[in-house]
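The block underneath contains the structure these notes are about, expressed in structure tokens.
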Protein chains: 2
Amino acid sequence: MSRIRNIKELADLAGVSTGTVSRALAGSTLISQKTRERIQALAKEHGFRPNLLARNLRIQRTNTIGVLIPLGHETAQHLTDPFFITMLGLLADKLTERGYDLLLSRVIPTDSAWLDRIATSGRVDGLIVIGQSDQAATIDAVAKDYRPLVVWGGYDADQVHCSVGSDNRKGGDLAASHLIAQGCRKIAFFGDPKTREIEQRLQGVRDALARAGMGEPHIEPAHLTDDEFGPEIAGFLGQAADEPIGIVAASDVIALKTLRAMAVMGLSAPNDVRVMGYDGLTIGEHTVPQLSTICQDLVRGAEHLVDMLVRRIAGEDTQSVVMEPELVLRASA
Amino acid sequence: MSRIRNIKELADLAGVSTGTVSRALAGSTLISQKTRERIQALAKEHGFRPNLLARNLRIQRTNTIGVLIPLGHETAQHLTDPFFITMLGLLADKLTERGYDLLLSRVIPTDSAWLDRIATSGRVDGLIVIGQSDQAATIDAVAKDYRPLVVWGGYDADQVHCSVGSDNRKGGDLAASHLIAQGCRKIAFFGDPKTREIEQRLQGVRDALARAGMGEPHIEPAHLTDDEFGPEIAGFLGQAADEPIGIVAASDVIALKTLRAMAVMGLSAPNDVRVMGYDGLTIGEHTVPQLSTICQDLVRGAEHLVDMLVRRIAGEDTQSVVMEPELVLRASA
DNA sequence: TTGAAAGCGATACCAT
DNA sequence: ATGGTATCGCTTTCAA
């Protein structure tokens with residue numbers, strides 16, 4: 001009793017046609033209950049299950065969503081980044097609830113084809129991109145004629161793709177305003193403005209500074225690799241040690257690295273320097289000191305992404321969502 | 001210039017056969033350079049890329065690895081669990097390096113078919129299961145005739161599947177021994193021994209207690225849902241408040257919840273109660289107090305998993321790996 | 001209720 | 001160097 005490899009072998013064994021087997025396994029009531037149960041029993045006995053690849057090819061549908069994390073701006077960044085990982089987990093939960101599997105790709109865009117490649121591969125019913133990175137143009141180009149695509153990230157009035165994210169500019173403003181209200185006279189922004197979200201957060205910081213009649217923020221691109229980070233901070237703190245300093249980090253992860261680098265230098269927040277994060281990850285609740293931050297509602301964000309994607313797959317159109325950021329004051333600023 | 005949907009349309013357009021197109025697109029030198037470049041240009045111009053589903057079906061290979069997280073023991077547990085997420089990120093990085101995509105499934109086993117279903121689906125070249133949960137038997141059954149399968153989890157001499165994990169019994173012993181050495185006279189274990197790893201850790205705790213001439217540990221199944229957790233701890237602490245207490249948590253996540261529940265009761269580690277975690281996640285470095293824990297080298301574990309899986313796909317056989325756990329003393333115990 | 005056969009979109013063998 | 005064609009394993013229309 002060798003292993004049954006395909007529907008044809010099972011059909012021969014049962015003395016019926018492949019069509020009958022296919023229908024019986026699908027539970028179609030077109031088939032007499034007797035035949036149906038006999039074939040199902042036979043399949044079970046031989047541990048046979050139809051090949052999904054073939055099925056998907058035939059029905060032109062995979063019940064799989066591609067989740068892409070473009071790392072154009074920061075090749076060294078890994079999937080272990082708590083933000084990605086949190087979002088990924090939330091998406092996985094939501095997608096599973098809806099019966100979708102999840103095809104995960106961490107892509108380092110070398111050409112502009114990375115997105116189209118998977119969109120046209122036939123392997124997914126739709127795509128979720130986490131973060132525009134520096135690939136907004138590529139994403140727009142694909143979104144133009146690939147409908148089932150949603151993106152977590154910053155919103156821009158000109159964009160053609162459908163996005164979900166928080167109002168980054170407002171968030172940046174919130175963060176900087178708080179620092180200024182706390183008496184900081186010198187504001188730094190740690191983050192790489194090449195990606196859209198970060199650029200918008202920086203813009204918000206500028207808004208707040210302008211309103212307060214203060215000049216440009218000091219900008220550190222904040223490479224996420226640890227080794228380059230200490231010197232950057234040290235350099236900045238050294239040249240501005242005479243005024244009360246506030247740092248707006250472009251993400252909680254950057255804020256944590258900042259806190260750690262400061263600790264090495266014998267500095268702590270909020271006494272020596274005030275530090276604001278951005279994201280509202282739970283990890284910030286556990287730090288010493290606990291991280292003050294701008295919270296994005298990732299749970300609701302993930303829900304939106306999945307919900308809108310499903311509707312797009314069904315042919316509906318959907319509008320981008322911009323959520324309210326929230327100032328969360330813990331201890332670091 | 002409508003969109004080219006398949007190789008046949010491109011072939012017609014180019015006035016050649018599908019075989020030629022297929023070979024040209026694959027860069028085969030069987031095709032004259034002239035034709036090859038002409039067809040590649042044509043494909044590019046029309047944004048055509050071959051359907052991978054069809055390709056995979058034909059060549060019987062997908063370049064995709066399934067990563068499964070069985071949640072048999074704890075349905076409420078989500079992918080957002082820091083341990084899973086950390087492991088998942090590491091695996092994603094390693095698999096990407098090797099050119100594999102990653103098909104993620106969070107499964108709640110309702111029958112014993114969950115694993116076989118994906119193994120026989122034709123959609124993956126191999127499988128990585130993160131944690132045996134309470135499904136060791138099912139995993140063994142599948143591993144019996146499905147070779148490209150590796151599992152993160154506990155090792156048992158009788159198992160047929162290939163696993164990677166730390167020596168959980170030794171780890172549990174390490175944790176409890178440390179608590180005892182610190183003077184704890186009453187030891188509790190927080191975790192659900194239904195899953196193999198946890199059961200082994202508990203066994204290690206028993207070993208240590210036995211050596212010290214102490215009795216059975218107090219066991220709390222430690223449901224991971226927050227609301228049930230406080231009362232469990234309170235109940236335990238209440239009934240044993242007269243002796244120095246030590247808690248071995250079955251994971252860092254459980255330890256963190258314990259710490260938080262204690263804080264609510266006005267208790268703190270290590271003064272009131274000593275708390276040991278298990279896993280060595282980075283999140284434990286950020287807690288107040290920092291978490292003492294048993295560290296498993298997840299980076300090396302992920303490397304082993306991927307490496308062994310690749311070799312199994314290639315037809316080699318591989319042996320289970322048991323890694324040394326390491327006592328990491330921070331502040332909570 | 002069931003069977004025959006076309007087709008999903010590719011690859012690869014066998015010719016020429 | 002290129003074309004014709006069988007094949008991967010399934011679903012579904014059309015006939016009977």
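As a basis for the values below, the full set of heavy atoms in this structure was taken, side chains included, without hydrogen atoms, waters or symmetry mates. Predicted model only: the values in this text are computed from it and were never measured. Note on naming: letters A, B, ... go to the chains in the order of the sequence lines (proteins, then strands), and numbering restarts at 1 for each one.
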Open item on the list: Please determine whether a side-chain nitrogen or oxygen atom of B:Asn51 lies at a distance below 4.0 Å from atom OP1 or OP2 of C:dG9.
Closed with: no
Open item on the list: Between C1' on C:dC8 and CG on A:Asn6, what's the gap in Å once rounded to a whole number?
Closed with: 17 Å
Task: Whole angstrom value for the distance that separates P of D:dC10 from CG of A:Asn56 - done: 12 Å
Open item on the list: Quick check: on DNA chain C, is the nucleotide nearest B:Phe48 upstream (toward 5') of the one nearest B:Arg23, or the reverse? Name the residue that is more 5'.
Closed with: B:Phe48
- [ ] Whole angstrom is fine here: how far is it from CZ in A:Arg55 over to P in C:dA10?
- [x] 20 Å
TODO: Looking at every strand, decide which applies to A:Leu30 at a 4.0 Å heavy-atom threshold: base, sugar-phosphate, or nothing.
DONE: base
Task: Side chains of B:Asp317 and B:Arg312 in contact at under 4.5 Å (non-hydrogen atoms) - done: yes
TODO: In whole angstrom, give the distance that lies between atom CD of A:Glu37 and atom P of C:dT1.
DONE: 13 Å
Open item on the list: So that I can tick it off, tell me whether A:Asp12 and A:Lys8 are bridged by a salt bridge, with the cut-off set at under 4.0 angstrom between side-chain N and carboxylate O.
Closed with: yes
Open item on the list: When you measure from the side-chain N and O atoms of B:Thr20 to the phosphate of D:dG3, is any distance below 4.0 Å, counting only OP1 and OP2?
Closed with: yes
Task: Whole angstrom value for the distance that separates P of C:dG7 from CD1 of A:Ile7 - done: 19 Å
Open item on the list: For C:dA10 and B:Thr18 - does any side-chain N or O of the residue sit under 4.0 Å from the phosphate oxygens OP1/OP2?
Closed with: no
TODO: Report the distance from atom CG of B:Leu57 to atom P of C:dC8, rounded to the nearest whole Å.
DONE: 14 Å
- [ ] Output yes when A:Asp307 and A:Arg98 qualify as a salt bridge under the 4.0 Å nitrogen-oxygen rule, no when they do not.
- [x] yes
Task: Upstream residue (5' side of DNA chain C) when A:Gly19 and A:Ser32 are each assigned their closest nucleotide - done: A:Ser32
- [ ] Give a yes/no on whether any side-chain N or O of B:Gln60 is located under 4.0 angstrom from OP1 or OP2 of D:dG9.
- [x] yes
TODO: Let me know the distance between CG of A:Leu25 and P of D:dT11, rounded to the nearest Å.
DONE: 8 Å
TODO: Output the single nucleotide from D:dG3, D:dT12, C:dA12 whose closest atom is nearest the side chain of A:Ile59.
DONE: D:dT12
TODO: Examine D:dT7: is either OP1 or OP2 under 4.0 Å from a nitrogen or oxygen in the side chain of B:Arg58? Give yes or no.
DONE: no
Task: N/O (side chain, B:Thr35) to phosphate O (OP1/OP2, D:dT2) under 4.0 Å - done: yes
TODO: Give the rounded distance in Å between these two atoms: NZ of B:Lys8 and C1' of D:dA6.
DONE: 16 Å
Task: Donor-acceptor pair between B:His46 and B:Glu9 side chains, under 3.5 angstrom - done: no
- [ ] With the side chain counted from C-beta on, respond yes when A:Ile65 and A:Leu91 share a heavy-atom pair under 4.5 Å apart, and no when they do not.
- [x] no
- [ ] Could you tell me whether the phosphate oxygens of D:dT2, OP1 or OP2, come under 4.0 Å of any side-chain nitrogen or oxygen in B:Ser17?
- [x] no
